[in-house]
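Only one structure is covered here, and it is reproduced in the block below.
Note that this is a predicted model, so its numbers are computed, not measured. Along the sequence shown, the residues carry numbers beginning at 1.
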Amino acid sequence: MMSTSLALTYLYLLLYILLSSGVILYNKWVLSPKYFNFPLPITLTMIHMGFSGVVAFFLVRVFKVIAPVKMTFEIYATCVIPISAFFASSLWFGNTAYLHISVAFIQMLKALMPVATFLMAVVCGTDKLRCDVLFNMLLVSVGVVVSSYGEIHFNIIGTVYQVTGIFAEALRLVLTQVLLQKKGLTLNPITSLYYIAPCSFAFLFIPWYLLEKPAMNVSQIQFNFWIFFSNALCALALNLSIFLVIGRTGAVTIRVAGVLKDWILIALSTVIFPESTITGLNVIGYAIALCGVVMYNYLKVKDVRASLATTPEKLPERLTKELKFEKKSSDIYVPSDSNHGNNGGSDRTSELIVDEEAPLLASSRLSHVGRSQF
């Protein structure tokens, strides 16, 4: 008979998969001119950021559910601001892609995320070129090219937006490791929203003022309070579900859940949005790319285990860190005063959890399988 603890773990994973898929489909429905017809992706993203920032403020400062981290002006100026800038860019470009290409094709393009992260890590000096990883990156790239070639409704503008958003997110991940983790600053999803959401809102205001505000016609815009409130609430709930999942699962479980979520999302999108036609070449290309992603994740797990085996003197510290993530979600916030330094940097950069609707969290326990977006 299944234990209560195991059943709760599966329930949290199911909640994460449903919310992650639901927010993506909800965003597509809201933005698409064929459905709710609110073709203002920057405005929608600003609503998410504003709502999440306000809720995080109440949780941290008013109700004191989560303790704030020690944030100095120097850390905010040199770390939070640049990370928020790339975070805002990735959300802006990613959400704009919904106006031009299908959800299914977007999920296939997101298989490029490990490639982008690896390339950015190499450029920033936190990872080194390796033949085995390079082969996996080539395999993923070939798969995405094949999938793109098989796309019936291929749109170059939407593809460029999505790929640009992927590389912006990859650079944000690398900056998170280089700037925040090396300063010993650990942010969970709530504290991430507290510090990053308001700053991202400010960055998004610039392109909104230049691009969307002049074209906005208030009389023609559909603004349904409950639609936008529920949409923003789902995005926030996804952050909280990640908070719960982290406390009960490990990296392998998250990878499997991510792969399952991507396939479910691709299948659901073709049902909900009939224009999202999937061809045989789409499936073959995505399968090839997915093989590359799985092999890449396997190499990363292997590297982490090798690192643990070759640095026994640091094992107690690492075990302590692992145990912190095994605690229940209500107890997961444990501020770290230790400076991680350069050890294991390349592994941490590549092992960040990234979800399209909640890409704020950086955890050494979790790895990227597919990127999602607010």
Side-chain angles (χ1 to χ4, degrees), residues 8-32 34-41 43-52 55-56 90-91 94-99 101-110 113 162 165 169 189-190 193 197 222 224-246 248-249 253-276 278 329 353-361 366 368-374:
L8 200 57
T9 299
Y10 283 124
L11 179 63
Y12 288 163
L13 281 170
L14 178 62
L15 182 65
Y16 160 72
I17 291 173
L18 290 176
L19 284 171
S20 180
S21 303
V23 174
I24 294 171
L25 295 171
Y26 204 167
N27 283 352
K28 172 67 175 179
W29 181 82
V30 170
L31 292 168
S32 177
K34 294 183 180 180
Y35 299 96
F36 186 71
N37 191 23
F38 187 79
L40 302 169
T43 305
L44 182 65
T45 308
M46 289 178 71
I47 291 172
H48 287 172
M49 290 292 95
F51 179 80
S52 297
V55 172
S90 68
L91 296 179
N95 278 342
T96 304
Y98 287 121
L99 297 176
I101 53 182
S102 67
V103 171
F105 186 47
I106 285 174
Q107 291 304 118
M108 294 175 189
L109 288 176
K110 285 174 186 173
M113 189 63 204
Q162 183 59 46
E169 175 64 11
I190 306 303
L193 287 173
Q222 293 191 67
N224 185 310
F225 171 79
W226 294 109
I227 291 290
F228 290 103
F229 176 75
S230 60
N231 184 252
L233 191 63
C234 287
L236 179 66
L238 178 59
N239 274 280
L240 299 178
S241 74
I242 292 176
F243 200 15
L244 296 174
V245 168
I246 290 171
R248 290 188 168 270
T249 60
T253 308
I254 288 292
R255 290 189 187 95
V256 174
V259 172
L260 179 62
K261 181 209 74 175
D262 287 344
W263 282 108
I264 290 174
L265 189 53
I266 290 173
L268 276 177
S269 67
T270 60
V271 175
I272 298 174
F273 307 110
E275 69 274 11
S276 300
I278 297 178
S329 59
I353 182 171
V354 185
D355 199 288
E356 180 173 311
E357 298 70 36
L360 289 170
L361 179 66
L366 309 175
H368 170 82
V369 175
R371 178 186 177 273
S372 325
Q373 188 136 350
F374 262 119

> What closest approach, in Å, do Ala56 and Leu193 show between heavy atoms, and which atom pair accounts for it?
Replying inline: CB-CB, 3.8 Å

> Does Asn231 reach the side chain of Leu44, with side-chain heavy atoms less than 4.5 Å apart?
Replying inline: yes

> Say you draw a straight line from CD of Glu275 to OG1 of Thr270; how long is it, rounded to the nearest 0.5 Å?
Replying inline: 10.5 Å

> Val103 versus Ile272: any side-chain heavy-atom pair under 4.5 Å?
Replying inline: no

> Are side-chain heavy atoms of Pro39 and Asn37 found at a separation under 4.5 Å?
Replying inline: yes

>> Just so I know, are the side chains of Val30 and Tyr26 near enough to count as touching, which here means a heavy-atom distance under 4.5 Å?
In response: yes

> Does Ser21 reach the main-chain N or O of Leu18 with its side chain, forming a donor-acceptor pair under 3.5 Å?
Replying inline: no

>> Once rounded to the nearest 0.5 Å, what's the spacing between atom CG of Asn95 and atom CD of Gln162?
In response: 9.0 Å

> If you take all heavy atoms of Thr96 and Pro41, which pair is closest and at what distance?
Replying inline: OG1-CG, 3.4 Å

> Considering residues at least two apart in sequence or located in another chain, which fulfil the side-chain contact (heavy atoms from CB on, under 4.5 Å) criterion with Leu233?
Replying inline: Phe51, Phe229

>> Let me confirm one number: the CD1-CE distance from Ile101 to Met108, rounded to the nearest 0.5 Å.
In response: 11.0 Å

> Mind checking what makes ring pair (Phe, Tyr, Trp, His ring centres under 6.0 Å) contact with Phe228, not counting sequence neighbours?
Replying inline: Phe36, Phe38, Phe223

>> Could you check whether any side-chain heavy atom of Leu91 comes within less than 4.5 Å of a side-chain heavy atom of Met49, counting everything from C-beta outward?
In response: yes

> Which residues pass the side-chain contact (heavy atoms from CB on, under 4.5 Å) test with Ile264, sequence neighbours left out?
Replying inline: Ile17, Leu260, Leu268

> Going from OG on Ser269 to NZ on Lys28, what distance comes out if it is rounded to the nearest 0.5 angstrom?
Replying inline: 9.5 Å

> Could you state the interatomic distance from OG (Ser276) to CD1 (Ile106), rounded to the nearest 0.5 Å?
Replying inline: 9.0 Å

>> In the structure I gave you, are the side-chain heavy atoms of Leu240 and Pro189 within less than 4.5 Å of one another anywhere?
In response: no

>> So which atom in Phe273 and which in Leu25 form the shortest heavy-atom distance, rounded to 0.1 Å?
In response: CZ-O, 3.6 Å

> Nearest heavy-atom pair of Val23 and Ala235: which atoms, and what distance?
Replying inline: CG2-N, 3.9 Å

> Out of curiosity, Leu236 CG to Ser52 OG, how far, rounded to the nearest 0.5 Å?
Replying inline: 5.0 Å

